[in-house]
Q: 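Pasting a structure below so you can have a look.
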Amino acid sequence: MNTTDIKCVACVGGGVIGSSWAIQFAMRGLDVVLYDINDEQLAKSEAQMHKSLDALEQFKAITADRRKEIVSAIRLTTSMAEAVGRAQFIQESGPERLEIKQSILAQVEEYADAGAIYASSTSGLLISDITAKAAHPERCVGAHPYNPPHLIPLVELTSGDKTDSDLLQLAYDFYQSIGKEAVLLRKECPGFIANRLQLALYREVQDLVMRGVCSVEDVDKALVYGPGLRWAIFGHNMIMQLGNPGGLTGMVQMLGNSGDRWLEDMASWTHQPDNWSEVAQPGVDQEMANFPDYVGHTNAECAAYRDQMLIELLKLHRKL
Ligand SMILES: NC(=O)c1ccc[n+]([C@@H]2O[C@H](COP(=O)([O-])OP(=O)(O)OC[C@H]3O[C@@H](n4cnc5c(N)ncnc54)[C@H](O)[C@@H]3O)[C@@H](O)[C@H]2O)c1
């Protein structure tokens, strides 16, 4: 099989992640069948998809006609046989519990073609554990998206101890072919790559505030209007490369001793401060109150602003 043989994708589990995956696949011209356990859950999936499509249409990432095509490419079902029977690629996004993931895989294997690729959206479970009782563990990979998958291109690929390396490559090529940016973990690693980077930075965010160096609002502002703008374009190694006439090597030399002194002073604790929420919540409430009106002052308003900015940024990245 190669990537062009993949015409039909089954999304198993249609919650926050599964319903967003369905849009991603349908936007790229694939037939999608979305499975969930009952009609009530499917109704929620449908509502969630329409909300995402509303934002895409409102911010002109898709036209009304394109929206209709996307909607008509997605079929909803409570029948596992119907969901996976014709699929060449199966994206599982069920609850993050090992026994449920194993039971979903067992059901899928009953009805799916033995050649189909099975990709789990798991955030933290090991593929080797999910596939421990599988008939075809060699067909299974971990494919961790960033929420929401139809907007954020990143997908982190992991393999289990029995995953076929050619199949992993095929999964990689497939995601790339539908506009995702796949990264490959060469070793199992809790939190994968992106969430670890995020948490490492968040430890320093918390520490700066807890030590009284700056407010919650100012640490956010320092990130958004400083490194965050550059990070939306290039990764940190590239930023280093462009930051000095001597490239990354020159930048490392320039940082030299002062970099080491900062590192010595930085947080290294392994348990988050117990009273962080008490400190951070009033700070973030104040931050929201201080935003200009065009950003918004409530969670809903700020989330809409975030989505609009994300869509505009993705257009600049030629991802939408
Ligand atoms: N939410 C995130 O930010 C995020 C990000 C990346 C990855 N993930 C991962 O994606 C997966 C799904 O997370 P979510 O946030 O969409 O959860 P969710 O609770 O929103 O959705 C889970 C869906 O699975 C369905 N489900 C329950 N039992 C099932 C079964 N036996 N078979 C099939 N479907 C079943 C539920 O009805 C629900 O619609 C998890 O593995 C999670 O770790 C989540």
Side-chain angles (χ1 to χ4, degrees), residues 9-25 32-52 55 74-85 87 89-112 116 118-134 140-160 171 175 180-183 185 188-199 202 299 303 306-307 310:
V9 179
C11 291
V12 177
V16 172
I17 293 299
S19 56
S20 174
W21 268 125
I23 290 176
Q24 161 80 41
F25 295 127
V32 179
V33 192
L34 186 148
Y35 165 91
D36 214 308
I37 47 174
N38 56 41
D39 288 334
E40 199 187 333
Q41 289 303 125
L42 283 183
K44 283 190 195 162
S45 308
E46 200 169 13
Q48 174 79 35
M49 286 192 285
H50 277 293
K51 208 168 151 216
S52 303
I74 303 172
R75 219 153 20 93
L76 307 180
T77 183
T78 53
S79 153
M80 187 65 90
E82 195 187 329
V84 302
F89 196 96
I90 298 156
Q91 183 79 45
E92 172 272 310
S93 310
E96 184 76 348
R97 293 222 334 251
L98 181 59
E99 67 280 12
I100 301 184
K101 299 269 192 214
Q102 287 180 339
S103 129
I104 293 174
L105 178 52
Q107 286 174 65
V108 167
E109 286 196 318
E110 230 178 278
Y111 301 107
Y118 186 89
S120 173
S121 301
T122 182
S123 301
L125 299 170
L126 298 183
I127 286 303
S128 307
D129 291 340
I130 293 174
T131 59
K133 302 171 187 165
C140 303
V141 298
H144 176 241
Y146 231 54
N147 190 24
H150 72 279
L151 290 182
I152 309 265
L154 179 67
V155 57
E156 298 177 307
L157 293 184
T158 56
S159 52
Y175 285 120
K180 304 295 288 179
E181 288 294 340
V183 296
L185 271 87
E188 284 173 339
C189 177
F192 307 137
I193 303 172
N195 278 336
R196 283 176 79 105
L197 295 177
Q198 197 165 245
L199 191 57
Y202 201 49
N299 281 357
R306 176 203 58 197
D307 290 348
L310 201 48

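Counting convention: from 1, in listed order, for ligands and their atoms alike.
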Q: Go through Glu188 and Leu126 one step at a time and tell me if the side chain to side chain contact (heavy atoms under 4.5 Å, CB included) criterion holds.
A: CA-CA 8 Å; Glu188 284 173 339; Leu126 298 183; 3.8 Å; yes
Q: Quick one: which of Ile104, Thr122, Ile130 has a heavy atom closest to atom 31 (N) of ligand 1?
A: Ile104
Q: Looking at atom 11 (C) of ligand 1, what's its closest protein heavy atom, distance included?
A: Gly94 O, 3.3 Å
Q: Under 4.0 Å and counting heavy atoms only, is there anything from the protein next to atom 17 (O) of ligand 1?
A: no
Q: Taking Lys101 for its side chain and Gly94 for its backbone only, find out whether a donor-acceptor pair lies under 3.5 Å.
A: yes
Q: Quick one, Val84 with Tyr35, criterion side chain to side chain contact (heavy atoms under 4.5 Å, CB included). Give me CA distance, side-chain angles, the key distance, then yes/no.
A: CA-CA 9 Å; Val84 302; Tyr35 165 91; over 6 Å; no
Q: Tell me, which protein residue and heavy-atom name are nearest atom 22 (C) of ligand 1, and how many Å apart are they?
A: Ser93 O, 3.6 Å
Q: Does the side-chain hydrogen bond (donor to acceptor under 3.5 Å, both in side chains) test come out yes or no for Gln91 and Ser121, once each step is laid out?
A: CA-CA 7 Å; Gln91 183 79 45; Ser121 301; 3.1 Å; yes
Q: Using a 4.0 Å heavy-atom threshold (strictly under), name the region of Ser45 that reaches ligand 1: side chain, backbone, both or neither.
A: neither
Q: Can His144 and Glu156 be counted as having a side-chain donor-acceptor contact under 3.5 angstrom?
A: yes
Q: Closer than 4.0 Å to some heavy atom of Gly15 - which atoms of ligand 1 meet that?
A: 16 (O), 20 (O), 21 (O), 23 (C), 39 (O)
Q: Pick whichever of Ile17, Asp36, Ile152 has a heavy atom sitting closest to atom 37 (O) of ligand 1.
A: Asp36
Q: Before signing off on this row, confirm whether Val16 and ligand 1 have an N or O atom pair separated by under 3.5 Å.
A: yes
Q: Do any nitrogen or oxygen atoms of His144 come within less than 3.5 Å of a nitrogen or oxygen of ligand 1?
A: no
Q: For atom 34 (N) of ligand 1, what's the nearest protein heavy atom and its distance?
A: Gly13 CA, 3.6 Å
Q: Any idea which atoms of ligand 1 are less than 4.0 Å away from a heavy-atom of Tyr35?
A: 32 (N), 33 (C)
Q: Tell me, please: is Lys101 in heavy-atom contact with ligand 1, that is, under 4.0 Å?
A: yes
Q: Would you call the rings of Trp21 and Tyr175 parallel, tilted or perpendicular, where under 30° means parallel and over 60° means perpendicular?
A: tilted
Q: So if I count the atoms of ligand 1 from 1 in the order they appear, which ones are less than 4.0 Å from some heavy atom of Gln41?
A: 36 (C), 37 (O), 38 (C), 39 (O)
Q: For atom 9 (C) of ligand 1, what's the nearest protein heavy atom and its distance?
A: Ser121 O, 3.3 Å
Q: What residue and atom, counting heavy atoms only, is the protein's closest point to atom 24 (O) of ligand 1, and at what distance?
A: Pro95 CD, 3.4 Å
Q: Considering only non-hydrogen protein atoms, determine which one is nearest to atom 42 (C) of ligand 1 and report residue, atom name and distance to 0.1 Å.
A: Ser123 OG, 3.5 Å
Q: Just need the protein heavy atom nearest to atom 3 (O) of ligand 1, so name the residue and atom and give the distance.
A: Asn147 CB, 3.5 Å
Q: Looking only at distance, does Ile37 have an N or O less than 3.5 Å from an N or O of ligand 1?
A: no
Q: Side chain, backbone, both or neither: which part of Tyr146 comes within less than 4.0 Å of ligand 1 when only heavy atoms are counted?
A: neither
Q: Test your reading of the model: is there a side-chain donor-acceptor pair from Ser19 to the backbone of Gly15, 3.5 Å cut-off?
A: yes
Q: Give the atoms of ligand 1, by number and element, whose distance to some non-hydrogen atom of Gly14 is under 4.0 Å.
A: 39 (O)
